Amino acid sequence: SSPILEIGCGNSKLAAEAYDDGFTKLTAVDYSQSAIDWQKRNHAKDRKGLDFVHLNILELSQHYKDESFSTVIDKGTFDTFDVYDEENVFARKAADACFHSLTTDGYIITATCRPFQRRIECFNHLPVKVVEICEIGKEPNDKTPDRIYIVCLQKVSEKDTIEKELRKTIVEFDGSYRVA
């Protein structure tokens with residue numbers, strides 16, 4: 001399997017369960033040392049290739065080469081930034097770090113309780129495309145927010161982004177001329 005990065009793993013079972021489902025090259029990071037210690041005690045044993053690392057996601061590039069992971073998974077870490085970061089400044093820096101750790105054509109999969117547009121805004125300065133947005137409704141007796149959105153973005157090459165912007169500019173410049 002291709003290398004996967006989970007950011008903000010906390011005490012979640014996600015990485016361990018993904019490993020058990022056959023995704024055997026997983027790295028889960030969190031800025032909390034106690035969360036990482038807990039993960040190592042409870043989920044790392046007998047799971048070769050599953051690593052739990054104490055790390056602030058803004059420091060990804062200091063610990064991993066660019067394009068080290070095929071997929072980055074976020075299940076709410078970006079939502080925590082929204083509490084204090086209404087302008088998305090910190091979230092955009094975190095998006096940059098995640099983006100640079102991705103291989104070209106790699107995926108960022110993020111779960112959010114916020115409007116999905118808010119999550120896309122974190123990445124809109126980067127060459128990515130929206131692959132899919134799914135809405136998960138609330139189950140009876142569920143204490144989670146009414147809606148959870150899963151947003152899947154894909155890293156594209158700078159060339160693809162430049163060509164897309166050129167096509168957009170041509171269409172905006174002259175509505176009668178369309179580039180396929």
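Computation of the quantities below employed the complete heavy-atom set of this structure, encompassing side-chain atoms and omitting hydrogens, waters and symmetry-equivalent molecules. In this text, all values refer to a predicted model and were calculated from it rather than measured experimentally.
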If we only count heavy atoms from C-beta on, is the [X] to [Y] side-chain gap below 4.5 Å?
{"X": "Ile109", "Y": "Thr71", "result": "yes"}
{"X": "Val72", "Y": "Leu102", "result": "yes"}
{"X": "Thr27", "Y": "Phe69", "result": "yes"}
{"X": "Tyr64", "Y": "Ser101", "result": "no"}

Note to self: Can you confirm if the NZ or CZ of Lys155 lies within 45° of the ring axis of Tyr107 and under 6.0 Å from the centre of its six-membered ring?
What the structure shows: no
How long is the span from the [atom1] atom in [X] to the [atom2] atom in [Y], to the nearest 0.5 Å?
{"X": "Phe52", "Y": "Lys40", "atom1": "CZ", "atom2": "NZ", "answer": "9.5 Å"}
{"X": "Leu14", "Y": "Glu6", "atom1": "CG", "atom2": "CD", "answer": "4.5 Å"}
{"X": "Ile148", "Y": "Thr112", "atom1": "CD1", "atom2": "OG1", "answer": "9.0 Å"}
{"X": "Tyr149", "Y": "Ile133", "atom1": "OH", "atom2": "CD1", "answer": "9.5 Å"}
{"X": "Leu153", "Y": "Ile120", "atom1": "CG", "atom2": "CD1", "answer": "6.5 Å"}
{"X": "Cys9", "Y": "Gln39", "atom1": "SG", "atom2": "CD", "answer": "4.5 Å"}

Ignoring hydrogens, what is the shortest heavy-atom contact between [X] and [Y]? Give both atom names and the distance.
{"X": "Ser157", "Y": "Thr104", "result": "N-CG2, 4.2 Å"}
{"X": "Cys98", "Y": "Ile7", "result": "SG-CD1, 3.9 Å"}
{"X": "Lys75", "Y": "Gly8", "result": "NZ-O, 3.9 Å"}
{"X": "Ala16", "Y": "Leu50", "result": "CA-CD2, 4.0 Å"}
{"X": "Ala28", "Y": "Ile36", "result": "O-CD1, 4.1 Å"}
{"X": "Phe78", "Y": "Ala91", "result": "CE2-O, 3.3 Å"}

Measure from the side-chain N and O atoms of [X] to the backbone N and O of [Y], and report whether any donor-acceptor pair falls under 3.5 Å.
{"X": "Gln154", "Y": "Lys129", "answer": "no"}
{"X": "Tyr19", "Y": "Ala44", "answer": "no"}
{"X": "Ser70", "Y": "Pro3", "answer": "yes"}
{"X": "Arg47", "Y": "His43", "answer": "yes"}

Check: Using the ring of each side chain (for Trp, its six-membered ring), is Phe90 parallel, tilted or perpendicular to Phe81, with breaks at 30° and 60°?
Finding: perpendicular
Is there a salt bridge (charged side-chain N to carboxylate O under 4.0 Å, His left out) between Arg118 and Asp79 once you walk through the steps?
CA-CA 9 Å; Arg118 178 92 173 137; Asp79 281 0; over 6 Å; no
Below 3.5 Å, can you tabulate the donor-acceptor pairs from side chains in residues 53-63 to any protein atom, sequence neighbours excluded?
{"unit_1": "His54", "atom_1": "ND1", "unit_2": "Gln33", "atom_2": "OE1", "d": "3.1"}
{"unit_1": "His54", "atom_1": "NE2", "unit_2": "Tyr31", "atom_2": "O", "d": "2.8"}
{"unit_1": "Asn56", "atom_1": "OD1", "unit_2": "Leu58", "atom_2": "N", "d": "2.8"}

Asp82/Arg119 ion pair, N-O < 4.0 Å
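A salt bridge links Asp82 with Arg119.
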